[in-house]
Each structure stands twice: as structure tokens, then as C-alpha cells.
Amino acid sequence: MIKRIVNFIVLCILTASLAWAQPGFPERLSQFLTPYPGSTVEQVFTFPKATEATLHVNASIDEVAKFYYDTLTKEGFKAIATAREKTAAFMRFSRGETEFIFEAVRHNDITVYKLSL
């Protein structure tokens, strides 16, 4: 009986994980921006009040960061925090009660970045 219950719980968790981890660029993010040209979506998590997408691209961190900085400021967002190191970047934007976070790292000539809303 316990084995059946454990199997049922595992099945529920796997089913829920598939619902939360979705391929493709999430609709919630696409209300404000598009993926950087040439980016590949690696992983998306959608929660009731938050969405997070991880992507990668061959472009430099500076090119990707500038793309999102320009796009979000044109959408009326204000950059409230930024940080840049040799192989990493961070930006936090705000517009009213809506916040975007951009995080990126450069590794083996690939920029992996995360967008959170």
C-alpha cells in the first residue's frame, strides 16, 4: 500500500513539473519583450505570480544586456540596479509594481541568461 502511495506522489510531482517547466518563450514575458535574436530557450518556469526563462545565445553579454536595457526602458521600465563583471551581468528594472530581473553569465563563448518577471 505504501509503495502505491509513493508511486502516486512521484507521478503527481512529475506531472506538475511538466506543467511548470514549459518550452518556448513564455507569454507573460512576451507582453514586454522578445528573446534576443538567435537565442534558444532552455527552460521556463511559470508560477502564479512569477515567470522565469533561461536562454542562451552566441552574442556577448554586453550585446544581450544592451538589447534588454533598450527594450525595457522603451517599455517604460526604469533600471534600478545594475552590475557588470568580466563574465557576468545583472540588471533590475521596475515599472509600477512590475519588476524584471536580467542575469547573465558568459562561459565557453556562450552567454546564458535568465529573465525573471
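The shown structure was predicted, so the numbers you read here are calculated from the model rather than taken from an experiment.
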Electrostatic pair D70-K66, nearest N-O below 4.0 angstrom | yes
Taking atom CD of E85 as the centre, does the number of heavy atoms from other residues, nucleotides or ligands within less than 6.0 Å exceed 12?
-> no
Test log, rule side chain to side chain contact (heavy atoms under 4.5 Å, CB included), inputs Y36 and T111 | CA-CA 11 Å; Y36 182 86; T111 297; over 6 Å; no
Decide yes or no for T71 and F32: does some side-chain heavy atom of the first lie under 4.5 Å from some side-chain heavy atom of the second?
-> no
Side chain to side chain donor-acceptor pair (under 3.5 Å) contacts in which one or both residues fall within residues 56-65, not counting sequence neighbours | E42-H56, S60-E63, D62-R84
Residues forming a side-chain hydrogen bond (donor to acceptor under 3.5 Å, both in side chains) with Y113, sequence neighbours excluded | S39, Y68
So, do K114 and S116 sit near enough that their side-chain heavy atoms are less than 4.5 Å apart?
-> yes
Is there a side chain to side chain contact (heavy atoms under 4.5 Å, CB included) between T98 and L117 once you walk through the steps?
-> CA-CA 7 Å; T98 304; L117 171 65; 3.3 Å; yes
Considering only heavy atoms from C-beta outward, does the side chain of F93 approach that of M91 to under 4.5 Å?
-> yes
Shortest non-hydrogen contact from A89 toward I61 = CB-CG2, 3.5 Å
Looking at side-chain heavy atoms only, is the closest gap between L55 and V112 below 4.5 Å?
-> no
Looking only at atom types and distance, does a side-chain atom of R106 sit under 3.5 Å from a main-chain N or O of D109, one as donor and one as acceptor?
-> yes
L29 versus A53, closest heavy-atom pair with distance | CD1-CB, 3.7 Å
Compare all side-chain heavy atoms of F67 with those of V57 and state whether any distance is below 4.5 angstrom.
-> no
Roughly how far, to the nearest 0.5 Å, is CD of E99 from NZ of K78?
-> 12.5 Å
Within 6.0 angstrom of F90 CZ, more than 12 heavy atoms from elsewhere | yes
Donor-acceptor contact below 3.5 Å, side chain R92 vs main chain T82 = no
Reported CD1-to-OG1 distance for the pair I110 and T40, which is rounded to 0.5 angstrom | 8.5 Å
Pairwise distance CD1(I80) to CZ(F100) - rounded to 0.5 angstrom = 13.0 Å
Is the shortest heavy-atom distance from the side chain of L115 to the side chain of L33 under 4.5 Å?
-> yes
